[in-house]
K.L.:
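Here's a structure for you.
Start at 1 and go down the list; that is how both ligands and their atoms are numbered.
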Amino acid sequence: MALDVTRAKRSRFSSSSQAPLTLDAETMRRMGYRAIDAVVDHLTQIRQHHVLNVKSGRDLQRVLGQPLPREPEAFDTLIGDLEQHVFQNITHHDHPRFFAFVPGPGNYAGALAELLTNGFNVFCGTWIGGAGASEIELITLEWLRRLVGFPAGARGVFLSGGSEAGLVAMATARNVKLGNDPTNAVVYCSDQTHKSLDRNLWLLGFQPQQVVRLPCDETWRLRPELLAARIAGDRAKGLRPFCVVVNAGTTNTGSVDPLNEVAEICRREDLWLHADGAYGAGAIFCEPGRKVLSGIEKVDSLGLDPHKWMFQPYSAGCVMVRNGYDLRRTFSYSAEYLKLIEESDEPNFCDYGIQLTRDFRALKLWFSLKIFGADAFEAAQCRGIELAETVAKTVVQQRWWELVSPPQLAVVTFRFRPPGLDQETLDALNREIVDTFNKTGYGMVIYTKLNEETVIRMCTINPRTLDAEIQQCLEKLDHIAKTLYREWVVTEPPASI
Ligand SMILES: Cc1ncc(COP(=O)(O)O)c(C=O)c1O
């Protein structure tokens, strides 16, 4: 199926034929069908592919590096090259055996929504620029608002992800509680809080010492009594406590901070309470998730990522602010050439975040909820929770394996602890198990540190993962662990480890 490039070439020089950068209808359709075939092949054959695929820049440059093309190239060759050299050289976050970091299971309806919104080149920054799209964004936000339990006056906006959601939330908190003056102000969180918080606060003019990371309890949750004591101590020193960031699902263990107790402290102390639910708050679609997230409705702002546990393609984040006016007055956009947009009573989404030109991210969540129904989301989330429980039950049945953190919001951590090895060697061994397993290409897990010890972590939110695949992963990890152990007890671990 070759693209008819002759006409495209001719048109570069002729005003009477097609305009530049234009294709005829038949060609567009043929290209579209071929692209959709590529996506469907990926989705239906993904299990045959390695999960982790990393080549060196030099190797990739060898096959991909080419000068700027002056002439059109054949579409079939291009898409074939993309399939072979680009899409097979990415780590498949949507692979059913990808358990590392936070998987991005994605879904086909969401991908189609991206095609549609790009095809129509929707501008969702102002009401006059995209009224229909803005209305869909409002409707989708309203669904989320009700699930979260925020009051009717709450407002939100879709954005790039958890990092940007945190930035928008912190800017709002700084504005409302500090009048934008960060001098001597302090933010509190647990030592399990995502690092994007520090970068966001740095961007907003805070110094590293203004972010207080408090040690967690034995379940990796913020300790309210420690928080209250630290706030009192800081006030006594003349500092300005203004914000607490709680985790609604930490990346490391899935733990949820004691939301109700911290909310009470924040109410008493007049502090802004932000919940980082980038990972875990997606679970509001399912009953077990809502139960664990009880108290989330009390926070002032909440970040939650549709591109994580709401199964949307990258990228899709969302921030919601309890008092919508706080968000609007922080970001409201005013420029002479934009006066026209102010004539509308309807919301302009550029007033709710940092983008003026905005794409239509809400569509993918809206579309996939419409195509599959919220019950399917609930079932998919319950499945992820169940898979983590299967991991926990299975891993402890294997000799010398121990659970470190129990399954919480579909995250579970464990460790291989055979006898006779000191802590340093055990850490090195667990890292080596992960590296060796990932190199097999069968699946992907990560290691992380908990209580200064290296642990293996799995995040099981992909609803397409089969029980048998969990079993296989754990058996392979066990086999690798015991092989390495046998090697290591007779020889020293390699110096590089
Ligand atoms: C708890 C948490 N917060 C924030 C982030 C940052 O989100 P993003 O990568 O979408 O910017 C992540 C990413 O994994 C996360 O797990």
K.L.:
When the aromatic ring centroids of Phe285 and Phe311 are compared, is their separation below 6.0 Å?
P.N.:
no
K.L.:
Flag the pair Arg328 and Asp351 as a salt bridge only when some basic side-chain nitrogen lies within less than 4.0 angstrom of an acidic carboxylate oxygen.
P.N.:
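Salt bridge flag = yes for Asp351 with Arg328.
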K.L.:
Using a 4.0 Å cut-off to any heavy atom of Gly161, which atoms of ligand 1 qualify?
P.N.:
10 (O), 11 (O)
K.L.:
Do Glu469 and Thr465 have a side chain donor and acceptor closer than 3.5 Å?
P.N.:
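Not at all, the side chains of Glu469 and Thr465 share no donor-acceptor pair under 3.5 Å.
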K.L.:
State whether the number of non-hydrogen atoms from other residues, nucleotides or ligands found under 6.0 Å of Lys291 atom NZ is greater than 12.
P.N.:
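Check fails, neighbour count at 12 or below.
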K.L.:
Which residue and non-hydrogen atom of the protein lie closest to atom 15 (C) of ligand 1, and at what distance in Å?
P.N.:
His194 CD2, 3.4 Å
K.L.:
Verify the ring-centre separation between His42 and His92: is it less than 6.0 angstrom?
P.N.:
yes
K.L.:
Tell me, which protein residue and heavy-atom name are nearest atom 11 (O) of ligand 1, and how many Å apart are they?
P.N.:
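Atom 11 (O) of ligand 1 sits closest to the protein heavy atom Ser163 OG, 2.6 Å.
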K.L.:
Distance to 0.1 Å, residue and atom name: give those for the protein heavy atom nearest to atom 16 (O) of ligand 1.
P.N.:
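Result: Thr251 OG1, 2.9 Å.
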K.L.:
If you measure from atom 2 (C) of ligand 1 to every heavy atom of Asp305, Asp276, Leu159, which option wins on shortest distance?
P.N.:
Asp276
K.L.:
Could you check atom 7 (O) of ligand 1 against the protein and tell me its nearest heavy-atom contact, residue, atom and distance included?
P.N.:
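Among all protein heavy atoms, the one nearest atom 7 (O) of ligand 1 is Lys308 NZ, 3.1 Å.
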K.L.:
Between Thr250 and ligand 1, find which residue part has any heavy-atom pair under 4.0 Å and reply side chain, backbone, both or neither.
P.N.:
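Neither; nothing of Thr250 gets under 4.0 Å from ligand 1.
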K.L.:
Where is the nearest protein heavy atom to atom 8 (P) of ligand 1: which residue, which atom, and how far?
P.N.:
Gly162 N, 3.4 Å
K.L.:
Is a salt bridge present between Asp94 and Arg464, judged by a nitrogen-to-oxygen distance below 4.0 Å?
P.N.:
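Salt bridge: no.
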K.L.:
In sequence, state the C-alpha distance, the side-chain angles, and the governing distance for Gln207 and Gln210, and then conclude on side-chain contact (heavy atoms from CB on, under 4.5 Å).
P.N.:
CA-CA 5 Å; Gln207 299 298 316; Gln210 292 178 275; 3.6 Å; yes
K.L.:
For His307, which part has a heavy atom under 4.0 Å from ligand 1: side chain, backbone, both, or neither?
P.N.:
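The side chain, only.
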